[in-house]
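Take a look at the structure below.
Note that the structure is predicted; figures quoted are calculated from it, not measured. Computation of the quantities below employed the complete heavy-atom set of this structure, encompassing side-chain atoms and omitting hydrogens, waters and symmetry-equivalent molecules.
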Amino acid sequence: MIMHVDVITEGAGPTLKALQDHGAAVLNAPGNLGLEMGEQTDRANHFTVHEVWASRKDYEAFAASAAGQLLRKQLMLFRGALFDDRYYEQMP
């Protein structure tokens, strides 16, 4: 799953903290195989999150959980653009 997070400038610091907390929850979730997060170098209020899951079912279970919903609730205060997360599958 790849998620692009774009928040208002004032929300960059709180969003970074929320993403770090989200990352800890993701790494402890059943079916998670890995996580990478990055901040855009020329825009400190733009972030990318890459989560690797054993299956779409595992990802959807986490996304529906309280821990999975928390990030979305936290970002509502600072959202600069529509929330964009997309699930991709590896080609055989």
Side-chain angles (χ1 to χ4, degrees):
M1 191 280 301
I2 297 176
M3 175 190 334
H4 178 73
V5 178
D6 174 4
V7 296
I8 59 174
T9 304
E10 297 80 17
T15 298
L16 178 59
K17 172 70 170 112
L19 286 169
Q20 290 167 338
D21 293 344
H22 173 78
V26 165
L27 288 172
N28 289 313
N32 181 265
L33 301 176
L35 169 77
E36 296 176 308
M37 293 192 285
E39 180 180 354
Q40 190 170 330
T41 55
D42 59 340
R43 290 190 175 139
N45 59 324
H46 288 226
F47 306 87
T48 300
V49 178
H50 176 218
E51 300 172 9
V52 180
W53 295 90
S55 69
R56 185 171 191 137
K57 182 179 175 182
D58 290 328
Y59 163 69
E60 289 176 351
F62 177 76
S65 72
Q69 290 294 308
L70 181 58
L71 178 65
R72 287 171 169 74
K73 289 177 185 175
Q74 292 171 321
L75 293 181
M76 291 304 291
L77 298 172
F78 305 111
R79 187 177 64 187
L82 295 176
F83 195 80
D84 184 17
D85 60 341
R86 300 174 191 204
Y87 185 86
Y88 295 86
E89 293 187 18
Q90 183 176 2
M91 295 177 64

- Item | Partner set under side chain to side chain contact (heavy atoms under 4.5 Å, CB included) for Ala12, not counting sequence neighbours |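 For Ala12 the side chain to side chain contact (heavy atoms under 4.5 Å, CB included) partners, ignoring immediate neighbours, are Asn45.
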- Message: Taking side chain to side chain contact (heavy atoms under 4.5 Å, CB included) as the definition, give me every residue that meets it alongside Ala63, ordered by chain and number, with sequence neighbours left out.
- Response: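 Side chain to side chain contact (heavy atoms under 4.5 Å, CB included) check on Ala63 returns Tyr59.
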For residues 23-31, tabulate all N or O donor-acceptor pairs below 3.5 Å that involve a side-chain atom, not counting sequence neighbours.
unit_1, atom_1, unit_2, atom_2, d
Asn28, ND2, Ala24, O, 3.0

- Calculate, to the nearest 0.5 Å, the distance between atoms OG1 and CG belonging to Thr15 and Leu75 respectively. 5.0 Å
- Linking I/L/V/M/F/W/Y whenever their side-chain heavy atoms sit closer than 4.5 Å, directly or via other members, would Ile2 and Leu19 fall into one cluster? no
- Met3 with Phe47, same ILVMFWY side-chain cluster at under 4.5 Å: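 In one cluster with Met3: Phe47, yes.
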- Could you list all the side-chain hydrogen bond (donor to acceptor under 3.5 Å, both in side chains) pairs where at least one residue sits in residues 17-27, not counting sequence neighbours?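 Checked against side-chain hydrogen bond (donor to acceptor under 3.5 Å, both in side chains) - neighbours excluded - the pairs reaching residues 17-27 are Lys17-Asp21, His22-Glu51.
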- By the rule that ILVMFWY residues connect when side-chain heavy atoms come within less than 4.5 angstrom, directly or transitively, which residues belong alongside Leu70?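 Its cluster partners, ordered by chain and number, are none at all.
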Please table the atom pairs, donor to acceptor, closer than 3.5 Å between any side-chain atom in residues 33-43 and protein atoms at least two apart or in another chain.
unit_1, atom_1, unit_2, atom_2, d
Glu36, OE1, His50, ND1, 3.2
Gln40, NE2, Asp42, OD1, 2.8

- Query: Can the ring centroids of Phe62 and Trp53 be said to lie less than 6.0 angstrom from one another?
  - Reply: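 Ring-ring flag for Phe62/Trp53: true, centres closer than 6.0 Å.
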- Item | Under the side chain to side chain donor-acceptor pair (under 3.5 Å) test, residues paired with Ser55 that sit two or more places apart | Asp58
- Query: Glu10: what forms a side chain to side chain donor-acceptor pair (under 3.5 Å) with it, not counting sequence neighbours?
  - Reply: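 Testing Glu10 for side chain to side chain donor-acceptor pair (under 3.5 Å), a comparison that skips the adjacent residues, returns none.
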- Query: When you look at Asp6 and His46, which way does the side chain to side chain contact (heavy atoms under 4.5 Å, CB included) test go after all the steps?
  - Reply: CA-CA 5 Å; Asp6 174 4; His46 288 226; 3.2 Å; yes
- Task: Indicate the atoms forming the closest heavy-atom contact of Pro14 with Gly11, along with that distance.
- Result: CD-O, 3.4 Å
- Task: Could you tell me which residues satisfy salt bridge (Lys or Arg N to Asp or Glu O under 4.0 Å) with Lys57, sequence neighbours excluded, listed by chain and number?
- Result: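 Lys57 satisfies salt bridge (Lys or Arg N to Asp or Glu O under 4.0 Å) with no other residue.
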